[in-house]
Amino acid sequence: MSRLTNKVAVVTGGNSGIGYATAKEFIAEGATVVITGRNKAAVELAASEIGAVGIVSDQGDLQAIDQLVAAVKSRYGKVDTLFINAGVAAFAPFEAITEAQFDSNLDINFKGAFFTLQKFLPLLKEGASVTFLSSINAYTGMSNTSVYAPSKAALNSLTRTVAYELAPRKIRVNAVCPGPISTPIFEKLGLSEEALQQFNVAIQAKVPLKRIGTSEEVAKLVTFLSSDDALFITGSEYVIDGGLNLNPIFN
């Protein structure tokens, strides 16, 4: 039997990248899936491709989160699996970060994620699973991530705190921390094709497994954590980076 049969799952930022791959994997495992995103055309296309329900919603807008929760409640009444995946990245030198960039990153990556869980809490069934998409940047001192990295570190801290608070309801809360994964986020940084290729080559040279990961590999990890196979796992952070952080001193 499929691992998520008869379960209702919500995936924020599910119209591309890791969110899309995870929504697709959830559906393959039997779940009914709602995906969200800010771009109406992208959400509708992704939903039609994989057989999900698409709802346009901005994780950085608390009113939009309220509307999302109301729509899911009206349609399904409950949620078994919540994958809080939506996020943005503003990669720039510390001295160049603007207040607008700072606010945008924190509003979506942390504040939005925080309130998405809080507002969905009444719909989460006893024994539900919650997974935050974090990043290995939560642990590293990588240049140009002075806002992005703290936003992900905050998610990891939140994971541990709410995992303890929600344990009486048997709601499990975990974080997945990917390393270099092939997703559209790098294309959105405005790098040229040549620069992207050079970046990929440089990263692969540092990864012990000598390749960049795929969204589908992250999706399988999230699906495992969302299933009954992981009933005794909560408050944990799972790094999926090909071993990139195994030996940072020599990187």
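For clarity, every value in this text was computed on a predicted model and none was experimentally measured.
For Ser236 (side chain) and Ile233 (main-chain N/O), no donor-acceptor pair under 3.5 Å exists by modelled atom type. With Asp80 contributing its side chain and Ala128 its backbone, the two residues share no donor-acceptor pair below 3.5 Å. Side-chain N or O atoms of Lys111 include none that pairs as donor or acceptor with a backbone N or O of Gly60 at under 3.5 Å. Using a distance-only test at 3.5 Å, with no hydrogens or angles considered, a donor-acceptor pair links the side chain of Asn85 to the main chain of Gly13. Not one N or O on the side chain of Ser104 forms a donor-acceptor pair closer than 3.5 Å with the backbone of Ala100. Using a distance-only test at 3.5 Å, with no hydrogens or angles considered, no donor-acceptor pair links the side chain of Ser74 to the main chain of Ala70. No donor-acceptor distance shorter than 3.5 angstrom exists from the side chain of Ser2 to the backbone of Leu4, with no hydrogens or angles considered. Checked by atom type and distance alone, the side chain of Ser157 never pairs as donor or acceptor with a backbone atom of Ala153 at under 3.5 Å. A donor-acceptor contact shorter than 3.5 Å links the side chain of Lys152 to the backbone of Leu133. At least one donor-acceptor pair under 3.5 Å links the side chain of Thr214 to the backbone N or O of Glu217.
Within 6.0 Å of NZ in Lys220 there are 12 or fewer heavy atoms belonging to other residues, nucleotides or ligands. Heavy-atom contacts from other residues, nucleotides or ligands closer than 6.0 Å to CZ of Arg169 number more than 12. The local environment of NZ in Lys40 is sparse, with at most 12 non-hydrogen atoms from other residues, nucleotides or ligands closer than 6.0 Å. Residue Phe102 qualifies as open at atom CZ: its count of foreign heavy atoms under 6.0 Å is 12 or below.
Among all heavy-atom pairs drawn from Ser134 and Cys177, the shortest one is CB-SG, 3.7 Å. Minimum interatomic distance between Ile65 and Asp58 (heavy atoms only, all atoms of both residues): CG1-O, 4.2 Å. Minimum interatomic distance between Leu225 and Ser129 (heavy atoms only, all atoms of both residues): O-CB, 4.0 Å. Smallest separation of non-hydrogen atoms from Ile181 and Ser215: CG2-N, 3.6 Å. Taking each heavy atom of Ile212 and Pro180 in turn, the nearest pair found is CG2-O, 3.3 Å. Of all heavy-atom pairs spanning Thr145 and Pro150, the tightest one is O-CD, 3.6 Å.
Atom-to-atom distance recorded for Leu246:CG and Asp241:CG is 6.5 Å, nearest 0.5 angstrom.
Val176 and Val130 are members of different hydrophobic clusters when ILVMFWY side chains are connected at heavy-atom separations under 4.5 Å. Two different hydrophobic clusters hold Leu68 and Val11 under the rule that ILVMFWY side chains link at heavy-atom gaps under 4.5 Å. Linking ILVMFWY side-chain heavy atoms closer than 4.5 Å, directly or via other members, places Phe26 and Val218 in a single hydrophobic cluster.
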Exercise for review: Report the C-alpha distance between Glu49 and Lys24 in whole Å, list the side-chain angles of each, state the deciding distance to 0.1 Å, and finish with yes or no for salt bridge (charged side-chain N to carboxylate O under 4.0 Å, His left out).
Suggested key: CA-CA 9 Å; Glu49 287 176 342; Lys24 187 175 181 180; over 6 Å; no
Review point. Going through the checks in order, is the salt bridge (charged side-chain N to carboxylate O under 4.0 Å, His left out) test met by Asp228 and Arg3?
Key: CA-CA 7 Å; Asp228 288 351; Arg3 292 184 291 178; over 6 Å; no
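Put simply, the side chain of Lys125 does not reach to within 4.5 Å of the side chain of Val8, judged on heavy atoms. Side-chain contact between Phe132 and Val173: present, with at least one pair of heavy atoms (C-beta onward) separated by less than 4.5 Å.
A donor and an acceptor atom, one from each side chain of Thr131 and Asn174, are nowhere located under 3.5 Å apart. Between the side chains of Thr12 and Gln59, at least one donor N or O sits under 3.5 Å from an acceptor N or O.
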